[in-house]
Structures are given as C-alpha cells and as structure tokens.
Protein chains: 4
Amino acid sequence: MTTRARREREKEERRRSILRAAREVFLDGDNGFHRVTVDEVAARAEVSKGTVYLYFESKETILALLLLEGLERLLARLQEAYGAAEPLPADERLRRLGMAYFDFFAAAPEYFRLLVAMDRGRFPDAVKPEVYRQVLSASLDGLALVAQAVQQGVDEGLFRPCDVRSAAGILWATLNGSLELLEHPLRREMLGVEQETFYRAALETVIEGLARR
Amino acid sequence: MTTRARREREKEERRRSILRAAREVFLDGDNGFHRVTVDEVAARAEVSKGTVYLYFESKETILALLLLEGLERLLARLQEAYGAAEPLPADERLRRLGMAYFDFFAAAPEYFRLLVAMDRGRFPDAVKPEVYRQVLSASLDGLALVAQAVQQGVDEGLFRPCDVRSAAGILWATLNGSLELLEHPLRREMLGVEQETFYRAALETVIEGLARR
Amino acid sequence: MTTRARREREKEERRRSILRAAREVFLDGDNGFHRVTVDEVAARAEVSKGTVYLYFESKETILALLLLEGLERLLARLQEAYGAAEPLPADERLRRLGMAYFDFFAAAPEYFRLLVAMDRGRFPDAVKPEVYRQVLSASLDGLALVAQAVQQGVDEGLFRPCDVRSAAGILWATLNGSLELLEHPLRREMLGVEQETFYRAALETVIEGLARR
Amino acid sequence: MTTRARREREKEERRRSILRAAREVFLDGDNGFHRVTVDEVAARAEVSKGTVYLYFESKETILALLLLEGLERLLARLQEAYGAAEPLPADERLRRLGMAYFDFFAAAPEYFRLLVAMDRGRFPDAVKPEVYRQVLSASLDGLALVAQAVQQGVDEGLFRPCDVRSAAGILWATLNGSLELLEHPLRREMLGVEQETFYRAALETVIEGLARR
DNA sequence: GATGAATGAGCGTTCATTCAT
DNA sequence: GATGAATGAACGCTCATTCAT
C-alpha cells in the first residue's frame, strides 16, 4: 500500500522533473522555444528519450503543459490582483491587473513567447484538443477578469459604455505589444525608455482611452 | 573600367534576382516564412545553391533583407498616409497611419510574422549587426512619423503633453498587439470580433487616451 | 500438492489468456501482424509487459504459437474435410481439402501472412527451434492428409503413379501461390478475376494434372 | 564540355553505386529486405545518409527500383526463353519460361521476396505511382508471355480451351508457391526433395493439367 | 510471481552550409 | 565567379526488452 503510494509519488515527481527540465531548456536557451529538443530535455532530466515519451505524448504537449502551468499561475496572480474582496475603483483594478501581468512575464519572458507561439507550427495538430482547450480557457478566464473590471467601470460611470470584451482585448493587445516591443534591448534603446516605465504608460493610456470624458 | 562597372552591375542584378526569388518563395508558401528553404530560393532564382551563399551570408540574412525591403515599402506607405502636404488634424494623421499599417500587414501577414520572428531563433546570431541595425532603423523612421503626428497634436492642444516618442511607441505596441492577437482564428472567435473592427477600436482607444480632456 | 496443482493450472490459464489477447490484437488490427506490439498484447491481457516476458520468450514466439494454434485449427478442418469416414473419390477429397484451406485463410488472411512471414525477419532467430519444428510439423500433418488422398487416387487408378508426397506438395504450393498472388487488389485487377474463382481453377488444374490420361 | 559529360557520368555512377550498395545490403543480410536501413545503405555505399536522399526519394523507392531492375532482367530472360523466333510447341515454351523463372529466382531469391513484399507495408504510399506502375507493368508483360504460350497451345489443340490469362496466372501462382515453399531448408527436408526437382514436377503438373485429354 | 518504469538503439527524413572543381 | 554534389547533425518518435522492487 505504502509502496503503491510511493510509486505514485515517484512517478509524479519524475513527471515534474521532466517538465522542469523542459522548462529549463526552454528558459535557458538564448534560442527560444523552438530550439527545445526532446533529446535535450531528456538529457537535462537525466532520463532516456523513451522515458520522456512515457510521460508525455509529444514535444508539443510538454510545451503546452508548461504553458498551461504558467497560465494557471498567471491567472491566480491576476485574480489576486483583481482584489474582488476589496472595494476598488475600476481603473485601479485594471492597473493592478496590468501590473500583475507585467510582473509575471517580466519574470519569465519565455512564457510570453510560448503563449504567442502556441498558435503556430505543429501545436494545433500535435496537442490534444483537451489541452488546447485548457490553454484557451485559461486565456479566456484572464480576459474575463479584465472585462469584469471594465464592466464595473462602465457601470460606475467611470468608463464610456462599450463592448467590454473588446475593450478588455484592446488592453490585452496593448500590454502584449508593449512586452514584445521592448523585449529586445536594441528597441529599448531606440525608444530611449525603460521597459516598465513604457509599460505603465501604455497601461495608463488605454485606461485613459476608456474613460468617460 | 567599363567592364568593371558592368561586372558590378551584373553582380547587383544577380543579387536582386536572388532576393526577388526569395521574396516569391516567402510570399508564396501557405506555410509561413520558416518554410523558405535555400534550395527553393536557388531553384526559383535559377542559380545554384552555392551562388546564393556567394551573395548572402545565410538564409537569415536573406530574410532580414527581405524584411528590410518590406519595411521600406511600409515606410513609403506610412509617409504617404501621413499626408505631410495636407493640413490634417493630428488624430486623423494617426488614424491614417494606423490604417496604412493595418493594410500593409493584412495584405502580407508574412512580413509581420517575420518582423516578430526577427528577435528570435537563429536570427540574432546569423544576421550581421549592421543589417539588424538597418531593420531597427527602418522601424525608427516609421516611429518618428507617428511621433511627429503626436507632437502636432500636443502642439495644437489636441493631445496632452507627453513624451511623444513613448506615445508613438504605445500606439505602435497596441497595433502590433492587435495584429498578433487576432492572427489566430481561435482567438478571434474567443473575442467574438472581426480583425479590422477590433484593430480600429484599439486605434481609437489609444488616440482617445492621448487626448486632452 | 493441491496448491501446486492449482498454481500450475493458474499459470497455464494466464498463459492462455495472454495468447488469447495476442490473438485478438493480431486479428483485430487492420494493419497486419507486424502491428502487434507487446504493449498492446499486455494491455489487452490486463497484465504488465513484464509478465508477458515471464510467459513467453519474445514477441516472435508468441506469434509463432499463435500460428501453431491456427495451424492446429486448420488441421482439424482439413481432417473434417477429408471425410475419412465417407467413401469419397480421391479428386473429391482433394477438392474438399483445397476449399477448406481456402475458407480458412479467406476468413483469417492474417494467419496466411504470418505463415509466410515465419521464415523471415526476426523469426528464425527469435523463435526456439522447438517451436519452429512444431509449426513445420503441423504443416506436415496437413500435407500428409493431402498425400493420403493422392495415394488413394493412385491406388484407385484415378491418378498417375507418382511420388505422392511431392504431388501433395505441388498442390499445396499452387494453393499458397494462388492465395498470395491474389491477396493484393492490384494483382486481382491485373488478372481480371475474382479470388475464389481463380483459386478453384488452380485447384482443378492441378487435380487434372495429376489424373491418369 | 568534357567536364559536364564526366560529371554526368560520375553522377550516374554514384547513383548506381548506391543502388548496388542497397542491393548488397538487401541480398547479404540474413534478415530480409525489411532490415534494409538507409544508414546501412549509406555506409555500404560510403556516402552520407543525406547523399542517399540526393539520389533517391525514399527508401521504398530504392527498393522499388531494385525490384524493377530485377524484373526487367527477368523479363528479358523470359522473352529469350520464350523463343519467339523458334517453332516450338506450346508446352515446351511453358517449360522454358518456367525454368527461366526458376533460374532467375534461384540465383537471387531476395528479388522474389521483394516482389512479394512490394504490395505490403509502406510501398504503395511511399513509391511514386509511376514507379509502381512500372513494376506492375513488368509483371504484366511476363504474364502476357505465359498467356501467349498458353494461347498457342489452345490454338494448336494441345491445351484445352480456357481463359488463357487465368491459366497463365495459375502457372505463375504454382511456380511462386513452389519457390516459396522450398525456400526454407527445413521444408525442403520435410518434403524430402530437392528444390529444382520439385519445381520441375510442379511445372509439369500444371502443363499436364492444361492439356487436352 | 508480478510489476511497470526505464531503456536506448533504431527509424526515415530534412536542410543549411561547405568546398573541390 | 559559379557550380552542385556532398555533408552530417538534427529532428520527433517507437518499441522490444530488461530489471529493481
């Protein structure tokens, strides 16, 4: 009985260890996610290539799970940032959501790349629909949170009436674009601005853009 | 001397012809730029594979030059859209710039993908810093145009005083983010909105966000 | 002692159950016997993969035993078809044997493929000589039945005197060749004939060829 | 000019050399054709794996071409054996065709295996339809030759009227079955007969079976 | 006796790059 | 300057077999 439980635990540990190895390869490489190789992941996890496939269906599945993991952590942070229990003005909620988003991806920019890459290449084909749906669903949940804040703003007369889901999407797009734009040092130099400063300004601009005059 | 000149000219022609072939392959493929192979480019240009490497350092360099070319065309369109000769209000200029940007990438999404990919994969290593800088410089020129329109808006009291270069960057980031966000059908579905509609709304939101109250 | 006997019995049952699972996988697949994997057999038998190897030396051994089983069933059918108890003319016996052979393999072409494959691939190395000999012996028994019918024909003056074992072998070769030839749709098309019609004609031709003039 | 010609020649030589290497791997191995590995072929030809794919589309194509080569040689031998220019009785023609067939495959039994294998596995998918058709066409030409001899026999009253194409197929099936049956030493032992003796007897039996009484 | 996690050699195929001619 | 044949590392994935527990 104990044996069985231990087995189970070890298996889960191994699984995690492969996932961790994948994350390391994925995050370490200066190369970006498409340089993640099953060979490399296996080597880093100190298991054979076959073992990797014992735990995961495909390379893409591993990356998708990695992403999902990230998104779930992100979502938790966003929910925390939203501060549902606190009586906050809508713009403040958006500010907090935006900065939580920033903190998350500033800490792990590769997740951001992975999120962006998810639509491309072999992903849609190689990843089980279920996993794919989970990824999309996590994204949707995050978006819903933003939309909720926008709705609050509209309801309270702070924001102009609008399609709140689109508005949420616009904020999302802006924040993504800001993260991406300044990811490269040369572009930061070009704009002569620090990433966080720029990001905050972008966030404020969109919030301002939603505001009732 | 004449011979030398002719030689030079022929060489340049060959170079252009390879680049043109690369562009054809690049734009033809239904699969995106990462399907561009040196074999195919050489075949299309009717030269040997070796010759391609005689004129270009690497496949990535070719793609970078292609992008540069594209950016230059984009810049021309932006300049046209800016309408320097016409007496236009600043917000209208931004609107025109934004839609020219949209039109360009809607017509050739591959360029957008290439632009996004530029920071990643083998590009940073395989592309000479000089070429890289040229790409950035083309971006800068575009940005300057946007900044100029913002400056006009600030000067005329339409927009709030601000760091115009940052403001231009914010608009840019938003538009890029919007293009990227909606590139994938599933995300379009998720937002329940058409790409152009969303893009326009994002553009308006940022313009609004810049406006003086 | 009783325990020992029970153990023995259980072991045999387990063995049979694995073999049955293997047969199911073997006959299920649309893809032929080379799609049989140990994983699948183990899963179907609801035992671990290790257990499979506890009872059988190799995958090839399992397949060989499967074939042996099949051949034994075939032999039973041939004996029935022979109709030892009935007073039949020799040619009729051959006809019945031939058609029983056809029916067997038409119903389970995989067995035929396996029989053909037996000499090839990893089989000769991976299968114990003993098992191999058993397979051959089963074939011999079938052959003996055919030879017996031929002998009857010779004795009764219906067939020309000949080496009856060779004659039986010739019939066997013809029937095998016919089955194999027409297994592929394209070759059926090429000959413009249906499998059973062709097979019957082949059977008759050889019977005729054995007949006294 | 000479250079060009030499290049061409060398290329053809290389191609042949890879094909020869493939044949060696294919014929040498005790393993049968499905153990033919691109790695092995490349090693034997002393080229890199990539080079193999420079000359051939796929492994299956190589094997198909090998087979085609064999079939063409076989066909030439059959035509010679048929002796169109000589005034031969139909049964003698069949005898000569049959023995030419035997000689060919006795000398290179692997070709026989390859021919049989051609219908299976990845062949139909992995081989260009054109090559596939050529293989079938070569088979058909051989069959036509046999059918022609049978027709002659029917016309001359030596053979019973019959569907000559089916009759040719029956002979073919018998000969194939005989070759296959006795390929394995253990089966030869089992029948207590030498391969050629058996084969001749089978050939005679079918000829006899076609004969008018 | 039974398990099932782990192995690792093996597969066919691709393609950017090099270099002898 | 131009060629194009050759390279070879890399890729994701499979599966029969082993062995510590």
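Reminder, nothing fancy here: chain letters follow the sequence lines and each chain counts from 1.
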With Watson-Crick and G-U wobble geometry limited to distances under 3.5 Å, how should the secondary structure of DNA chain E be encoded in dot-bracket form, using | for bases paired to another strand and [ ] for crossing pairs? .||||||||||||||||||||
Short question: side chain of C:T61, backbone of C:V127 - any donor-acceptor pair under 3.5 Å?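 Between the backbone of C:V127 and the side chain of C:T61 there is no qualifying donor-acceptor contact (under 3.5 Å).
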Taking C:V36's backbone N and O only, do any of them form a donor-acceptor pair with C:K59's side chain (distance below 3.5 Å, no angle check)?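 Confirmed, C:K59 side chain pairs with C:V36 backbone.
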Between A:R44 and A:E40, does any side-chain N to carboxylate O distance fall below 4.0 Å?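 Salt bridge absent between A:R44 and A:E40.
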Should the pair B:R6-B:E10 be classified as a salt bridge under the 4.0 Å nitrogen-to-oxygen rule?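 Counted as a salt bridge, because a side-chain N and a carboxylate O are separated by less than 4.0 Å.
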E:dG1 OP1/OP2 closer than 4.0 Å to side-chain N/O of C:R14: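 It does not, given that no N or O in the side chain of C:R14 lies less than 4.0 Å from OP1 or OP2 of E:dG1.
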Side-chain touch [X]/[Y], heavy atoms, less than 4.5 angstrom:
X: B:R20; Y: B:L66; result: no
X: A:R23; Y: A:E69; result: yes
X: C:V41; Y: C:V47; result: no
X: C:F56; Y: C:L19; result: yes
X: C:R113; Y: C:P109; result: yes

Whole angstrom is fine here: how far is it from [atom1] in [X] over to [atom2] in [N]?
X: B:E8; N: F:dG1; atom1: CD; atom2: P; value: 10 Å
X: B:K11; N: F:dA2; atom1: NZ; atom2: C1'; value: 12 Å
X: B:R35; N: E:dT14; atom1: CZ; atom2: P; value: 11 Å

DNA chain F-proximal residues of residues 37-49 of chain C, any heavy atom under 4.0 Å: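 The stretch gives C:T37, C:V38, C:K49 as the residues lying under 4.0 Å from the strand, ordered by number.
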Classify the nucleic acid contact of D:R15 as base, sugar-phosphate or nothing, counting any heavy atom under 4.0 Å across all strands shown.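 Nothing, no nucleic acid heavy atom in range.
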Evaluate the criterion ring pair (Phe, Tyr, Trp, His ring centres under 6.0 Å) for residue pair C:Y111 and C:F26; output intermediate values, then yes/no. CA-CA 9 Å; C:Y111 277 114; C:F26 169 67; 5.4 Å; yes
What are the residues of residues 50-68 of chain B, sorted by number, that bring a heavy atom to within less than 4.0 Å of DNA chain E?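 The stretch gives B:Y53, B:S58, B:K59 as the residues lying under 4.0 Å from the strand, ordered by number.
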Mind listing the closest non-hydrogen atom pair of C:L114 and C:L67 along with its distance?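 Heavy atoms of C:L114 and C:L67 come nearest at CD2-CB, 3.9 Å.
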